[in-house]
Visitor: 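This is the structure I want to talk about, given as structure tokens.
Remember, it's a predicted structure, so these values are computed and weren't measured experimentally. Counting begins at 1 with the first residue of the sequence.
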Amino acid sequence: MAAAATMLSIQGDWDQVLREAEGEVWVSCKIPGKPTIRGSLTSKGISSDEVPEVTASEEFVVQEVTKNRIPVSCPGENISSTFLSPYASFSHIHEKNVSYLDISSGGDLGVSSSTDQTFKVWETHNTEVKSVLEGHTRDVFSCKFFPSGQEVLSGGLDSLVKVWSVNDGSCLATMKGHRGSILDIAVVADGQNVISSGQDGTARLWDSAQGACIAVVDDSYSPINAIAVAEVGNAVNLGSPKETPSNREVGTEGKLVVLAREDKSLEGVSLHSRQSRWKKGFFCATGKPPQNLRRNHFPETS
């Protein structure tokens with residue numbers, strides 16, 4: 001597991017506050033194993049071309065500020081970051097906290113769920129709500145677009161996994177089998193198969209069209225908080241299925257599903273053979289995770 005990196009952070013609404021005279025925002029530099037360096041940025045006014053004139057407190061440096069970007073560095077730790085301001089704010093879609101969000105592969109649609117118990121598909125260029133997805137009886141914890149951008153997969157506190165039509169908001173399939181909340185979901189290949197993980201400690205492979213469970217990929221004692229699917233090719237020996245796979249199983253060959261559990265463990269399981277390939281950092285085939293899993297799917301932790 002990779003060590004945590006030094007990270008610069010800035011107050012979330014910096015782009016608004018620094019447009020005010022004497023507006024001040026916090027900035028920090030978090031260094032693993034050391035005290036966090038904290039400071040501030042202060043606006044001394046706005047230039048004729050509407051660019052804030054910003055000064056930094058000791059330990060930090062600001063250079064070449066523009067209308068929508070601010071480069072900040074912490075020379076003592078040899079780190080710098082450029083922060084960009086949003087070009088649009090979508091504040092009217094939900095009334096309470098947004099709990100999950102995904103954007104379609106084409107970038108034209110977004111889907112989000114909220115603690116106000118709404119679940120909506122909306123257009124990214126104008127935030128117009130395209131459809132309201134109604135059918136979950138409790139909060140939706142996760143939602144993802146299919147590669148086509150025409151369907152949405154969701155899972156929630158009601159233990160159900162659902163497939164939705166983007167165009168009219170209708171529920172196309174409902175998958176039942178988990179004995180607790182759905183904590184994460186993933187789409188396999190073109191979406192004929194999907195995976196879900198839950199509070200009950202299981203990860204399940206589904207036929208998304210028929211809403212039927214093809215197999216329990218993993219059944220453990222600990223809730224599975226997150227899952228990620230990756231094509232690993234020959235990088236890992238994925239093994240062979242002990243039984244002939246169902247003809248409803250599509251696109252699982254050559255794929256590893258990584259399970260992140262409540263007990264702080266990680267496990268890589270062959271999606272096709274259902275065989276565990278590594279556990280808690282022990283990588284059975286090569287002694288280390290495949291290259292395309294090291295950064296794209298594992299968060300950096302200390």
Side-chain angles (χ1 to χ4, degrees), residues 102 104-106 142-155 161-164 172-178 182-198 200-220 224-261 265-299:
D102 193 29
S104 65
S105 58
S142 56
C143 51
K144 286 185 172 71
F145 279 101
F146 281 68
S148 66
Q150 298 303 306
E151 294 88 28
V152 167
L153 181 68
S154 67
V161 179
K162 289 179 174 287
V163 179
W164 307 84
L172 304 176
T174 297
M175 288 155 263
K176 301 178 181 180
H178 281 282
I182 309 300
L183 301 180
D184 202 6
I185 50 178
V187 177
V188 180
D190 63 359
Q192 293 183 64
N193 289 171
V194 298
I195 307 174
S196 60
S197 67
D200 60 4
T202 67
R204 297 171 180 263
L205 181 69
W206 305 88
D207 178 331
S208 62
Q210 297 185 16
C213 184
I214 298 172
V216 176
V217 178
D218 189 78
D219 189 354
S220 65
I224 302 173
N225 292 333
I227 52 178
V229 180
E231 182 84 40
V232 296
N234 297 323
V236 175
N237 176 11
L238 296 177
S240 300
K242 294 181 180 179
E243 300 178 359
T244 302
S246 165
N247 57 13
R248 294 180 300 170
E249 188 170 328
V250 181
T252 60
E253 298 90 342
K255 292 183 175 62
L256 189 75
V257 56
V258 179
L259 313 173
R261 295 196 178 91
S265 70
L266 295 172
E267 182 174 10
V269 177
S270 168
L271 188 54
H272 192 55
S273 72
R274 325 281 195 250
Q275 296 174 19
S276 176
R277 307 320 298 158
W278 50 263
K279 291 182 180 180
K280 296 185 179 179
F282 177 74
F283 298 89
C284 302
T286 63
K288 55 186 178 181
Q291 183 65 40
N292 63 333
L293 287 179
R294 292 178 203 169
R295 293 186 179 274
N296 297 339
H297 295 282
F298 292 148

Visitor: At their closest point, which heavy atom of Ser273 faces which heavy atom of Pro241, and how far apart are they?
Guide: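 Result for this residue pair: CB-N, 3.7 Å.
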Visitor: Going by side chain to side chain contact (heavy atoms under 4.5 Å, CB included), name the residues that satisfy it together with Pro147, two or more places apart in sequence or in a different chain.
Guide: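 Counting only residues at least two positions away or on another chain, Pro147 forms a side chain to side chain contact (heavy atoms under 4.5 Å, CB included) with Val187.
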Visitor: About how many Å separate CG of Asp184 and CD1 of Ile224, when rounded to the nearest 0.5 Å?
Guide: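 It comes to 10.0 Å.
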Visitor: To check you understand the geometry: which heavy-atom pair defines the closest contact between Lys144 and Ala186, and what is its length?
Guide: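 That closest heavy-atom pairing would be CD-CA, 4.4 Å.
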Visitor: So Leu259 and Val269, do their side chains get closer than 4.5 Å, heavy atoms only?
Guide: yes
Visitor: Could you tell me whether a side-chain N or O of Ser270 sits under 3.5 Å from a main-chain N or O of Gly239, the two making a donor and an acceptor?
Guide: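 Such a contact is absent between Ser270 side chain and Gly239 backbone.
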Visitor: Hey, could you give me the NZ/SG distance between Lys176 and Cys213, rounded to the nearest 0.5 Å?
Guide: 14.0 Å
Visitor: Taking all atoms of both residues into account, what is the closest heavy-atom pair of Met175 and Gly211, and its distance?
Guide: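 That closest heavy-atom pairing would be CG-CA, 3.5 Å.
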Visitor: Only counting residues at least two apart or in another chain, list the ones meeting side chain to side chain contact (heavy atoms under 4.5 Å, CB included) with Ala260.
Guide: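 With neighbours one apart ignored, the set is Ala226, Leu266.
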Visitor: Quick one: does any side-chain atom of Ser220 pair with a main-chain N or O of Gly201 as donor and acceptor, under 3.5 Å?
Guide: yes
Visitor: What pairs meet the side-chain hydrogen bond (donor to acceptor under 3.5 Å, both in side chains) rule with one or both residues in residues 203-217, with sequence neighbours excluded?
Guide: Ser196-Trp206, Thr202-Arg204
Visitor: In Å and rounded to the nearest 0.5 Å, what is the CG to CD1 distance from Asn193 to Ile214?
Guide: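 Here the interatomic distance stands at 4.0 Å.
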Visitor: To the closest 0.5 Å, what do you measure between OG (Ser154) and CD1 (Ile182)?
Guide: 9.5 Å
Visitor: Check salt bridge (charged side-chain N to carboxylate O under 4.0 Å, His left out) between Asp218 and all other residues, then give those that pass, not counting sequence neighbours.
Guide: Arg261
Visitor: Using 0.5 Å steps for rounding, measure from the CG atom of Leu271 to the CZ atom of Arg277.
Guide: 13.5 Å
Visitor: Does Ser105 have any side-chain hydrogen bond (donor to acceptor under 3.5 Å, both in side chains) partners at least two apart in sequence or in another chain, and if so, which?
Guide: none
Visitor: Atom CD1 in Ile195, atom CD1 in Ile227: separation rounded to 0.5 Å?
Guide: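 Nearest 0.5 Å value for the CD1-CD1 distance: 5.5 Å.
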Visitor: Tell me, please, which residues at least two apart from Ser265 pass side-chain hydrogen bond (donor to acceptor under 3.5 Å, both in side chains).
Guide: Asp263
Visitor: Residues in side chain to side chain contact (heavy atoms under 4.5 Å, CB included) with Ser148, at least two apart?
Guide: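 Result, side chain to side chain contact (heavy atoms under 4.5 Å, CB included) vs Ser148: Phe146, Gln150, Glu151.
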Visitor: Tell me, please, which residues at least two apart from Asp200 pass salt bridge (charged side-chain N to carboxylate O under 4.0 Å, His left out).
Guide: none
Visitor: Can you tell me which residue pairs pass the salt bridge (charged side-chain N to carboxylate O under 4.0 Å, His left out) test with a partner in residues 248-257, sequence neighbours excluded?
Guide: Glu231-Lys255, Glu249-Arg274
Visitor: Determine the minimum heavy-atom distance between Leu256 and Gly268, stating which atoms define it.
Guide: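 Looks like CD1-C, 3.8 Å.
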Visitor: Who passes side chain to side chain contact (heavy atoms under 4.5 Å, CB included) against Gln192, sequence neighbours left out?
Guide: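 Testing Gln192 for side chain to side chain contact (heavy atoms under 4.5 Å, CB included), a comparison that skips the adjacent residues, returns Asp190, Val250.
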